[in-house]
Each structure stands twice: as structure tokens, then as C-alpha cells.
Amino acid sequence: MNLIKRTLGGAIILSILIAITYFGKFSLAIGFTIFSLMAIKELTDAFSKVNFKFNKILLYICDILIMASSFCEQSDFFSISLSLSFAIIAGILIFDEHRNLGDILAHIFILIYVAGLMGTIVKTKDVKFLWMLYITAWGSDTFAYLTGSLIGKRKIESVRHISPNKTLAGSIGGVVAAVVLNLIYNHFAVLDLNTSLIVIFSAFGAILSQIGDLVASYIKRKTGIKDFGNIIPGHGGIMDRFDSMIFIAPLFYLFSVL
């Protein structure tokens with residue numbers, strides 16, 4: 001039953017992602033703005049469990065500002081909106097005597113983590129790099145799990161306190177799968193991209209993708225939650241499904257502008 005639920009949930013979110021990407025930048029911007037607002041709610045709810053206090057409306061407003069700027073053709077708007085949002089958050093919250101430095105830094109962290117990273121997905125102009133981003137994030141995750149389950153024996157000791165079941169074989173399997181899948185995509189889609197760059201960005205992306213998953217797992221452990229939400233059947237929340245993807249989004253944006 002859990003497998004059916006997980007498969008159905010994965011199919012739904014994948015279908016939505018394919019649709020908003022296929023129909024162009026406007027639908028992509030709308031889709032990821034909605035995802036970002038949901039992700040901010042999930043993270044603020046999680047951090048609130050360890051006594052952080054948030055002005056959620058302020059975060060939502062800044063998030064929309066950043067996501068809207070990522071849709072604009074002028075590249076400077078994105079960095080300006082980020083800087084302006086930090087100034088707005090700090091400028092407003094310092095006058096609230098019930099806030100401490102940790103609260104202000106938590107606001108800024110969540111804004112960078114969500115809007116700052118998701119915004120680079122919208123900023124990526126060539127859709128072929130978005131498909132490579134999706135392939136790397138979810139392909140790496142899937143094959144890391146399969147490889148680890150089948151032949152993974154040696155645990156990665158340095159991350160045992162975060163993810164005790166993560167294995168060296170699984171990690172390597174995820175990296176190899178990302179490279180192979182993107183090479184296959186490049187061949188059959190006739191992208192004519194430099195093979196060496198595909199290998200480098202896919203391998204580095206897969207490693208960062210796993211780190212992104214560990215960052216999200218670390219937050220969940222420290223805040224005492226199992227999942228960030230339950231909106232996606234069998235998977236949890238938006239951050240449970242997009243944690244790896246958003247972490248490597250800036251890398252593939254960089255690939256797209258080289």
C-alpha cells in the first residue's frame with residue numbers, strides 16, 4: 001500500500017513539474033512561486049518547533065518579490081531583490097523587541113534556501129538544462145537508493161548522525177547514474193553539448209544533490225520531525241521532494257550561461 005501511495009505521489013508531482021516546464025517560463029515561474037510559498041511554510045513550521053519565531057507574511061512578500069525578479073530578463077533584478085529582501089527583513093525585525101538575532105538569521109536562511117535557490121530554476125533560460133537538472137536530482141536519488149539497497153554494505157560514518165543508512169556504494173551509484181543518464185539524454189535529444197562538461201556538471205551536481213538531501217535531513221532531525229509536510233502522498237512535503245533539486249539549481253544555471 002505504501003509503495004502504491006509513494007508511486008502515485010511521485011507520478012503526480014512529476015507530471016506537474018513536466019507540465020509547468022513544458023509550457024514555458026511563465027508557467028514555470030508561477031509553479032515554482034507556489035512551491036516556494038509552500039516550502040517556506042513547511043520550514044517555518046519546522047523551525048518553530050525549536051522556538052524560532054517568524055513573521056510569515058514578511059517572508060511570503062519577500063519570496064514573491066524574489067521569485068518575480070527571477071522571471072525578469074534583467075539579471076540584476078534578481079540579486080537586487082535578494083539584497084533588498086535582506087534589508088527589509090533586518091530593518092523591520094530589529095524593531096520587534098520579541099525577536100532575537102537567531103530569529104532574524106533564520107528568516108534570512110529560509111529566504112536564501114528557498115527563494116534564492118528556486119529562483120535560479122526560473123532564471124535558467126534554456127529548458128534543456130532544466131531537464132538535466134531534474135535528471136540529475138531525481139535520477140541520482142533513485143539510483144543511490146537502489147544501489148545502496150542492493151549492494152550497499154559500507155556505511156558512510158561521517159553522516160551516520162544525519163542519515164544512518166546512507167552507504168558508500170549508494171552514493172557512488174547515484175553519481176554514476178546521473179552522469180550516464182545525462183549522457184543518454186544529450187545523445188538522444190541531440191543537444192550537442194560538450195561531453196566533458198556534461199560529465200563534470202552531472203557528477204558534481206549529483207554530489208551536491210546528496211549534500212542537499214543531507215541538509216534537509218539535518219534540519220528535520222534537529223527540529224524533531226519526520227517529514228516537512230504531507231501534501232505529496234508517500235513523500236511528505238514540497239521540501240521533502242525538492243531538497244536535492246533546489247540545492248543544485250545554481251550549478252545548472254551556471255552551466256546554462258557558460
Side-chain angles (χ1 to χ4, degrees), residues 13-14 17-29 31-32 35-36 66-67 69-79 82 112-148 156 159 166 168-216 241-258:
I13 196 66
L14 181 60
L17 186 63
I18 290 173
I20 64 174
T21 305
Y22 177 79
F23 286 111
K25 190 169 182 178
F26 182 74
S27 63
L28 186 75
F32 270 98
F35 289 154
S36 67
I66 293 168
M67 295 304 293
S69 72
S70 70
F71 179 72
C72 297
E73 293 297 326
Q74 290 289 338
S75 58
D76 289 343
F77 285 175
F78 186 64
S79 55
L82 278 169
I112 295 173
Y113 191 27
V114 177
L117 297 182
M118 283 194 183
T120 59
I121 296 176
V122 179
K123 277 180 64 64
T124 303
K125 294 181 180 180
D126 195 329
V127 71
K128 65 189 177 189
F129 293 100
L130 292 179
W131 298 126
M132 292 182 70
L133 166 66
Y134 304 157
I135 289 169
T136 302
W138 287 355
S140 171
D141 181 62
T142 300
F143 280 91
Y145 173 77
L146 292 174
T147 307
I156 303 178
V159 300
K166 192 168 288 292
L168 182 60
S171 181
I172 294 172
V175 173
V176 172
V179 173
V180 172
L181 289 171
N182 275 326
L183 287 173
I184 292 172
Y185 170 59
N186 180 60
H187 175 74
F188 285 101
V190 196
L191 302 181
D192 197 30
L193 294 173
N194 183 283
T195 301
S196 297
L197 286 178
I198 292 174
V199 172
I200 291 169
F201 276 88
S202 298
F204 191 38
I207 294 169
L208 281 180
S209 174
Q210 294 177 35
I211 295 174
D213 179 63
L214 288 171
V215 169
R241 203 69 205 98
F242 285 83
D243 53 359
S244 301
M245 183 188 298
I246 63 173
F247 214 76
I248 62 173
L251 180 70
F252 281 87
Y253 170 71
L254 173 64
F255 194 5
S256 74
V257 298
L258 287 180

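Residue numbers count from 1 along this sequence. Computed from a prediction, not measured in an experiment: that's the story for all the values here.
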(request) Report yes if some heavy atom in the side chain of Trp138 is under 4.5 Å from a heavy atom in the side chain of Leu14; otherwise report no. (result) yes
(request) Heavy atoms only: give me the nearest Gly170-Thr147 pair and the separation to one decimal. (result) CA-CB, 4.1 Å
(message) Can a donor-acceptor pair be found, under 3.5 Å and without considering hydrogens, that links the side chain of Asn186 to the backbone of Leu193?
(response) yes
(request) For Ala206 and Gly174, work out which heavy atoms get closest and say how close. (result) CB-O, 4.1 Å
(request) Flag the pair Phe71 / Phe32 as yes when at least one side-chain heavy-atom distance between them is below 4.5 Å, and no otherwise. (result) no
(message) Quick one: does any side-chain atom of Ser27 pair with a main-chain N or O of Ile20 as donor and acceptor, under 3.5 Å?
(response) yes
(message) Rounded to the nearest 0.5 Å, what separates atom CG in Leu191 from atom CD1 in Ile198?
(response) 6.5 Å
(message) Could you check whether any side-chain heavy atom of Leu130 comes within less than 4.5 Å of a side-chain heavy atom of Phe252, counting everything from C-beta outward?
(response) no
(request) Can you see which heavy atom on Phe247 is nearest to which on Ile211, and at what distance? (result) CE2-CG2, 3.8 Å
(request) Measure the spacing between CG of Asp141 and CZ of Arg241 and express it to the nearest 0.5 Å. (result) 6.0 Å
(message) What's the separation between atom CD1 in Ile135 and atom CE in Met245, rounded to the nearest 0.5 Å?
(response) 11.0 Å
(request) Decide if atom OH of Tyr145 counts as having more than 12 heavy atoms of other residues, nucleotides or ligands within a radius under 6.0 Å. (result) no
(request) Considering non-hydrogen atoms only, spot the tightest contact between Gly116 and Phe78 and give its length. (result) O-CZ, 3.5 Å
(request) Could you tell me the separation between the CD1 atom of Ile207 and the CD1 atom of Ile248, rounded to the nearest 0.5 Å? (result) 11.5 Å
(message) On a heavy-atom basis, which atom in Phe77 and which in Cys72 lie closest, and how many Å separate them?
(response) CD1-CB, 3.6 Å
(request) Determine whether Phe201 and Met132 make a side-chain contact, defined as any pair of heavy atoms from C-beta on separated by less than 4.5 Å. (result) no
(message) Walk me through whether Val180 and Phe143 qualify under side-chain contact (heavy atoms from CB on, under 4.5 Å).
(response) CA-CA 11 Å; Val180 172; Phe143 280 91; over 6 Å; no
(request) Any side-chain hydrogen bond (donor to acceptor under 3.5 Å, both in side chains) involving residues 243-253? Give me the pairs, sequence neighbours left out, ordered by first then second residue. (result) none
Would you mind writing out the side-chain donor-acceptor pairs for residues 117-126 within the sub-3.5 Å range, not counting sequence neighbours?
{"residue": "Thr120", "atom": "OG1", "partner": "Leu117", "partner atom": "O", "Å": "2.6"}
{"residue": "Thr124", "atom": "OG1", "partner": "Thr120", "partner atom": "O", "Å": "2.8"}
{"residue": "Asp126", "atom": "OD1", "partner": "Lys128", "partner atom": "N", "Å": "3.1"}

(request) Could you note down all residue pairs passing side-chain hydrogen bond (donor to acceptor under 3.5 Å, both in side chains) where residues 200-211 supplies at least one of them, sequence neighbours left out? (result) Ser171-Gln210, Asn182-Ser202
(message) Measuring from atom CZ of Phe242 to atom CZ of Phe35, what distance do you get when rounded to the nearest 0.5 angstrom?
(response) 4.0 Å
(request) Could you pull out the closest heavy-atom pair between Tyr113 and Gly212, with the gap in Å? (result) OH-O, 4.3 Å
(request) To the nearest 0.5 Å, tell me how far Ile66 CD1 sits from Leu82 CG. (result) 4.5 Å
(message) So Phe255 and Leu133, do their side chains get closer than 4.5 Å, heavy atoms only?
(response) no
